[in-house]
Asks: 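One structure is given below, represented as structure tokens, and several questions about it will come after.
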Amino acid sequence: MAEVSHVILTGGVGSRLWPLSRQSKPKQYLEIFSDKSLFQLAVERNRLFSKKLIVVGNTGNKDLSERILKNIGQDFYVNIVEATPRNTAPAIAFAAFSADPEDILLVTPADHIIQEGESYQEAVEKAIELAKEDNLVTFGVQPTSAETGYGYIEFEGERVVSFREKPDKKNAESYLKAGNFLWNSGMFCFKANVFLNELQEFAPEVFKRSYEAWQTAEEGCLNSDISMKIPSISVDYAVMEKSDKIKVVPANFQWSDMGSFEAVYDYFKSHGYTTDSNLNMQLGEIKPTFFVGVNNCILISTKDANLVVSKKASQDVKTIYSYLEQNFPDLIR
């Protein structure tokens, strides 16, 4: 009997949240959201809709995922361990290979903040109904600002007109004004066999190489040499922008991909976290700190590094991360 499986994608290192987020503990495992991690919140949030849990992550995240799942009493799940990251299309393919063909996969990243409640429940239930009709469903979030850090979906009812890359400020403002654009949430819902059929049609090399890797996996752990042959490509590029089976669920729930310190700042501030009179905030290891002559800045302090960033420049932290990868790799481990 077909069931709904929650597929949680745990890859990524959260480079824009360095120095809090490290290779040894990426942002999705930081227990800073009311003493819970984003990974835990995602698992708990989707238990209502799913009978099964499929975790897709890398070797570095395996123990982190298992520890949290044990702590919250999630005893039954499939743990798929990628030997090397190949982006979201292969990751979802592995989950689909592990499921029954008619199972519906509710695919979510592990590192998003979502306001639970009626709006979220309605969106998921609508997506599941559309998936039962052999559609590939994506979730589009109603934008609240001209955000340049998200991709956009142009829509008409449930029909996707186009996918748009992360825009510049001018285009983002035009999307917001037009009223028929949604933020691309990176969440999906579809039958396992429908997704695999579309992947085989539109990205046959990805399907072939992913299947070869899955066939040789041992207890869910993929082989490194075989995995390296899989093209690295997102599910949007591989399938969602090409298939004629795409539907979008316009969703009204509050959502953030927690992809920058600006997003973290806004979340903490909305939950009562203190700032100084100039709206500066300190995160991480708290110690006596004073901001003079600056406003809307964030100080992130850890035992081995400090970062000061203005809210409006928080997307640029990833450039620091890239520099550290080349010059001071110990600071990102």
Side-chain angles (χ1 to χ4, degrees), residues 4 6-9 38 41-42 45-46 48-50 87-89 91-92 104-191 194-195 198 202 234-260 263 266-267:
V4 177
H6 176 209
V7 178
I8 184 166
L9 307 179
L38 296 174
L41 290 171
R45 179 168 56 246
N46 292 289
L48 174 65
F49 315 104
S50 55
N87 217 313
T88 52
I92 296 171
I104 292 173
L105 307 182
L106 173 61
V107 183
T108 75
D111 56 358
H112 292 182
I113 276 285
I114 290 174
Q115 184 182 42
E116 301 177 35
E118 185 177 345
S119 294
Y120 183 70
Q121 183 173 342
E122 288 177 354
V124 173
E125 289 175 348
K126 177 63 175 177
I128 290 171
E129 289 305 310
L130 289 171
K132 288 179 179 178
E133 299 170 357
D134 292 345
N135 296 298
L136 300 177
V137 185
T138 184
F139 292 77
V141 177
Q142 293 287 352
T144 56
S145 62
E147 176 61 56
T148 59
Y150 302 148
Y152 284 72
I153 299 170
E154 184 181 6
F155 75 106
E156 184 178 294
E158 295 173 354
R159 185 174 72 90
V160 173
V161 177
S162 67
F163 289 89
R164 305 293 179 92
E165 295 298 315
K166 295 176 182 179
D168 57 22
K169 192 68 174 179
K170 181 179 179 181
N171 281 326
E173 289 172 348
S174 71
Y175 296 164
L176 191 65
K177 184 177 180 180
N180 64 326
F181 285 85
L182 304 165
W183 286 335
N184 189 346
S185 70
M187 295 170 52
F188 310 98
C189 190
F190 34 65
K191 288 181 181 176
V194 173
F195 172 76
E198 295 297 279
F202 295 110
S234 73
V235 66
D236 285 326
Y237 285 138
V239 175
M240 304 303 285
E241 296 184 7
K242 299 175 181 176
S243 175
D244 61 1
K245 296 179 180 292
I246 308 300
K247 297 289 186 181
V248 63
V249 172
N252 292 308
F253 53 79
Q254 292 183 16
W255 168 89
S256 171
D257 72 349
M258 285 294 154
S260 70
D266 290 341
Y267 173 83

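Computed over heavy atoms, backbone and side chain alike; hydrogens, waters and symmetry mates excluded.
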Asks: Could you go through His112 and Leu38, starting from their C-alpha distance and side-chain angles, then the distance that decides it, and tell me whether this counts as side chain to side chain contact (heavy atoms under 4.5 Å, CB included)?
Replies: CA-CA 6 Å; His112 292 182; Leu38 296 174; over 6 Å; no
Asks: Would you please test Trp183 and Thr144 for side chain to side chain contact (heavy atoms under 4.5 Å, CB included) and show each step?
Replies: CA-CA 9 Å; Trp183 286 335; Thr144 56; 3.4 Å; yes
Asks: Is the CD atom of Gln142 crowded by more than 12 outside heavy atoms at less than 6.0 Å?
Replies: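 Yes, because the 6.0 Å sphere around CD of Gln142 holds more than 12 heavy atoms from other groups.
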Asks: Can you tell me how far the CZ atom of Arg45 sits from the CD atom of Gln121, to the nearest 0.5 Å?
Replies: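 Those atoms lie 13.5 Å apart.
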Asks: Give a yes or no answer on whether the side chain of Ser256 reaches the backbone of Ala263 with a donor-acceptor pair at less than 3.5 Å.
Replies: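 The answer is no, because no donor-acceptor pair under 3.5 Å joins these two groups.
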Asks: Which heavy atom in Ala42 sits nearest to a heavy atom in Pro109, and how many Å separate them?
Replies: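 Shortest heavy-atom separation between Ala42 and Pro109 comes out as CB-O, 4.2 Å.
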Asks: In Å, rounded to the nearest 0.5 Å, how long is the span from CG of Leu176 to CD of Glu147?
Replies: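 Here the rounded value is 11.0 Å.
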Asks: Going from CD1 on Ile246 to CG on Asn135, what distance comes out if it is rounded to the nearest 0.5 angstrom?
Replies: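 Between atom CD1 of Ile246 and atom CG of Asn135 there are 8.5 Å.
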Asks: Does any N or O in the side chain of Lys169 come within less than 3.5 Å of the main-chain N or O of Thr148, such that one atom is a donor and the other an acceptor?
Replies: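 No; judged by distance alone, with no hydrogens or angles, the pair does not exist.
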Asks: Say you draw a straight line from CD of Glu156 to CG of Asn180; how long is it, rounded to the nearest 0.5 Å?
Replies: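 Answer rounded to 0.5 Å: 8.5 Å.
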Asks: Applying ring-ring contact (aromatic ring centres under 6.0 Å, His included), can you list everything that pairs with Phe49, at least two apart in sequence or on another chain?
Replies: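 Expected list: Tyr120.
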Asks: Considering residues, nucleotides and ligands other than Tyr237, do more than 12 of their heavy atoms fall under 6.0 Å from its OH?
Replies: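 No, OH of Tyr237 has 12 or fewer neighbouring heavy atoms, counting only those of other groups under 6.0 Å.
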Asks: Roughly how far apart are Ile153 CD1 and Arg159 CZ, rounded to 0.5 Å?
Replies: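 Spacing of CD1 (Ile153) from CZ (Arg159) equals 13.5 Å.
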Asks: Among Val4, Val7, Val194, find the residue that satisfies the side chain to side chain contact (heavy atoms under 4.5 Å, CB included) test when tested with Leu105.
Replies: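 In the set Val4, Val7, Val194, the residue that makes a side chain to side chain contact (heavy atoms under 4.5 Å, CB included) with Leu105 is Val7.
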Asks: Please determine whether a side-chain nitrogen of the Lys or Arg among Glu129 and Lys132 lies less than 4.0 Å from a carboxylate oxygen of the Asp or Glu.
Replies: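 Salt bridge flag = yes for Lys132 with Glu129.
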Asks: Output the distance between atom CE (Met258) and atom OH (Tyr267), rounded to the nearest 0.5 Å.
Replies: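 Spacing of CE (Met258) from OH (Tyr267) equals 6.5 Å.
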Asks: Counting only N and O atoms by type, is there a donor-acceptor contact under 3.5 Å from the side chain of Thr88 to the main-chain atoms of Val235?
Replies: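 Yes: the side chain of Thr88 pairs with the backbone of Val235.
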Asks: Looking only at atom types and distance, does a side-chain atom of Asn252 sit under 3.5 Å from a main-chain N or O of Ser119, one as donor and one as acceptor?
Replies: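 No, Asn252 side chain to Ser119 backbone: no donor-acceptor pair under 3.5 Å.
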Asks: Could you walk me through whether Val107 and Phe139 satisfy the side chain to side chain contact (heavy atoms under 4.5 Å, CB included) test, starting with their C-alpha distance in whole Å, then the side-chain angles of each, then the deciding distance to 0.1 Å, before giving a yes or no?
Replies: CA-CA 10 Å; Val107 183; Phe139 292 77; over 6 Å; no
Asks: Just wondering, do Leu106 and Ile128 contact through their side chains at under 4.5 Å, heavy atoms?
Replies: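 No; the side chains remain at least 4.5 Å from each other.
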Asks: Taking the side chain as everything from C-beta on, heavy atoms only, tell me whether Asp236 gets closer than 4.5 Å to Phe188.
Replies: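 Of all side-chain heavy-atom pairs linking Phe188 with Asp236, at least one is under 4.5 Å.
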Asks: Sequence neighbours left out, what pairs pass side-chain hydrogen bond (donor to acceptor under 3.5 Å, both in side chains) with at least one residue falling in residues 241-251?
Replies: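 Matches after skipping sequence neighbours: Glu198-Ser243.
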Asks: Are any non-hydrogen side-chain atoms of Met187 and Ile114 less than 4.5 angstrom apart?
Replies: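 They are in side-chain contact.
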Asks: Does the side chain of Pro167 come within less than 4.5 Å of Tyr152's, by heavy atoms?
Replies: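 In short, these two side chains touch, coming nearer than 4.5 Å.
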Asks: Are any of the side-chain heavy atoms of Phe190 and Ile92 separated by less than 4.5 Å?
Replies: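 Yes; the side chains approach each other to less than 4.5 Å.
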Asks: How far apart are the C-alpha atoms of Tyr150 and Ser145, what are their side-chain angles, what is the distance that settles it, and do they pass the side chain to side chain contact (heavy atoms under 4.5 Å, CB included) test?
Replies: CA-CA 11 Å; Tyr150 302 148; Ser145 62; over 6 Å; no
Asks: Test of understanding: with side-chain hydrogen bond (donor to acceptor under 3.5 Å, both in side chains), list the residues that count as partners of Lys166, not counting sequence neighbours.
Replies: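 Lys166 satisfies side-chain hydrogen bond (donor to acceptor under 3.5 Å, both in side chains) with no residue once adjacent residues are dropped.
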